[in-house]
Protein chains: 2
Amino acid sequence: MTRTGHEFRSRCSIARSLEILGDRWTLLVVRDLMWHGKHTFQELQNSEERMPTNQLSQRLKRLMDWGLVSRKAYQDRPVRYRYELTDKGRALEPLLRQIMHWGYDNLGGGFYDPVHKKSLPAKQP
Amino acid sequence: MTRTGHEFRSRCSIARSLEILGDRWTLLVVRDLMWHGKHTFQELQNSEERMPTNQLSQRLKRLMDWGLVSRKAYQDRPVRYRYELTDKGRALEPLLRQIMHWGYDNLGGGFYDPVHKKSLPAKQP
DNA sequence: GAAGTGACTTTCTATATGAAAGTTACTCCA
DNA sequence: TGGAGTAACTTTCATATAGAAAGTCACTTC
């Protein structure tokens with residue numbers, strides 16, 4: 001399913017995925033929606049990495065454009081939104097786990113997210 | 001294993017991984033080294049996506065800094081290099097497969113790399 | 001009526017991206 | 001002997017994106 005009006009730079013499905021996911025923030029938003037129970041704009045921007053609000057706004061827009069995230073108003077006057085992953089977004093879970101796994105094994109440990117929220121000892125090479 | 005002098009922005013292993021891999025090009029270089037038998041500078045920049053040479057140069061440097069790629073001269077006068085994945089780099093294979101898989105399922109098909117080099121029919125949603 | 005809250009948007013500077021051309025150190029061929 | 005070719009970069013430069021900070025809007029609560 002391609003977004004209307006978008007031309008991919010390549011026929012490779014990895015290159016295509018990277019056009020949407022290939023930056024330092026997008027997958028952190030997905031992580032927070034998937035595992036950390038963060039669903040409002042405020043909650044998302046209060047993550048450890050402190051994403052700038054303009055980027056968060058942009059990324060949420062892009063994720064919605066591509067159908068990975070949807071939102072619905074949880075109140076009117078003023079309208080406020082709750083963001084959630086769609087099926088397409090939830091399908092990123094194995095990918096997220098692989099990234100986490102590689103980082104944990106190869107970049108000196110760190111948090112290992114969905115399993116425990118605490119730090120595990122770094123693997124000794 | 002952290003690179004000397006580098007401060008990660010977060011303790012999350014996903015955020016850490018994205019500091020190294022989170023852009024539109026890096027994983028394509030890894031893909032080409034891993035599956036497409038491309039090992040020289042020239043071969044790498046002749047990929048379908050036509051990565052600019054300055055970016056390729058930069059990315060190879062970063063990948064070497066982090067120990068995901070190594071190179072050795074395959075000739076002197078003038079010296080020319082052959083790039084290869086290290087174990088740490090090869091450990092990205094499952095991640096690459098997951099990205100490919102997600103893209104294939106969710107972005108209208110495209111090439112499905114290591115298995116066949118030809119296009120498969122797009123999955124109908 | 002003043003302060004607070006949530007969800008953004010705007011502004012601004014710095015860094016990164018990408019296209020193109022240039023450089024270096026050769027080899028090969030006429 | 002000199003001109004063309006080749007591989008691996010580096011440099012230049014215009015444009016785009018990133019990131020910090022402050023501002024806006026539509027309320028609610030004290």
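Here is the naming used below: chain letters follow the sequence lines, and residue numbers restart at 1 for every chain. As the structure is a prediction and not an experimental result, all values here were calculated from the model. Basis for what follows: all heavy atoms, side chains included, without hydrogens, waters or symmetry-related copies.
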Over all strands shown, is B:Arg9 touching base, sugar-phosphate only, or nothing at heavy-atom distances under 4.0 angstrom?
nothing

Presence of B:Tyr83 side-chain N/O under 4.0 Å of D:dA7 phosphate oxygens OP1/OP2:
no

Separation of atom CZ in A:Arg62 from atom C1' in C:dC8, rounded to whole Å:
18 Å

For D:dA8, does OP1 or OP2 lie under 4.0 Å from any side-chain N or O of B:Thr40?
yes

Whole angstroms only, please: what is the CD-C1' distance between A:Gln42 and C:dG6?
6 Å

Less than 6.0 angstrom from the centroid, inside 45 degrees of the normal: does A:Arg9 satisfy that with respect to the ring of B:Trp25?
yes

How long is the line joining CG of A:Asn54 and C1' of D:dA16, in whole Å?
14 Å

Ion pair B:Arg31/B:Glu49, N-O distance below 4.0 Å
yes

Name the closest nucleotide to the B:Pro78 side chain, picking from C:dA7, C:dA25, D:dA21.
C:dA25

Short side-chain N/O contact to D:dT17 OP1/OP2 from A:Trp25, under 4.0 Å:
no

Looking across every strand, which nucleic acid part, if any, lies under 4.0 Å from A:Gln58 by heavy atom: base, sugar-phosphate, or nothing?
sugar-phosphate

Which is true for A:Arg59 with a 4.0 Å heavy-atom rule: it touches a base, it touches only sugar-phosphate, or it touches nothing?
sugar-phosphate

Find the distance A:Leu56:CG to D:dA20:P and express it as a whole number of Å.
14 Å

Is B:Gln55 touching bases, backbone alone, or none of the nucleic acid, heavy atoms closer than 4.0 Å?
base

To the nearest angstrom, how far is B:Arg24 atom CZ from C:dG18 atom P?
5 Å

Gap between atom OG of B:Ser57 and atom CE of B:Met51 - 0.5 Å precision
9.0 Å

Separation of B:Asp76 atom CG from C:dT27 atom C1', in whole Å?
15 Å

Side chain of B:Asp23, heavy atoms from C-beta onward: which of C:dT17, C:dG18, C:dC8 has the nearest atom to it?
C:dT17

Thinking salt bridges, do A:Asp23 and A:Arg62 make one under a 4.0 Å N-O criterion?
yes

Gap between atoms CE and P, on A:Met51 and D:dG19 respectively (whole Å):
9 Å

Atom CZ of B:Phe41 to atom P of C:dT23: distance rounded to whole Å?
17 Å

Closest of D:dA18, D:dA8, C:dA20 to the B:Tyr74 side chain is D:dA8

Look at the side chain of B:Arg80 and the base of D:dT6, then say whether one donor and one acceptor between them are separated by less than 3.5 Å.
yes

If you apply the rule side-chain contact (heavy atoms from CB on, under 4.5 Å), what do you find for B:Leu44 with B:Leu28, and how did you get there?
CA-CA 9 Å; B:Leu44 289 165; B:Leu28 298 184; over 6 Å; no

Nearest to the side chain of B:Thr53, which nucleotide is it out of D:dT10, C:dT17, C:dT9?
D:dT10

Classify A:Arg71 by what it touches in the nucleic acid, base, sugar-phosphate, or nothing, heavy-atom distance under 4.0 Å.
sugar-phosphate

Would you tell me if any nitrogen or oxygen in the side chain of B:Lys61 comes within less than 4.0 Å of OP1 or OP2 on D:dA8?
no

For D:dT10, does OP1 or OP2 lie under 4.0 Å from any side-chain N or O of B:Ser57?
yes

Could you tell me whether A:Arg71 and A:Glu84 have a side-chain N and a carboxylate O separated by less than 4.0 Å?
no

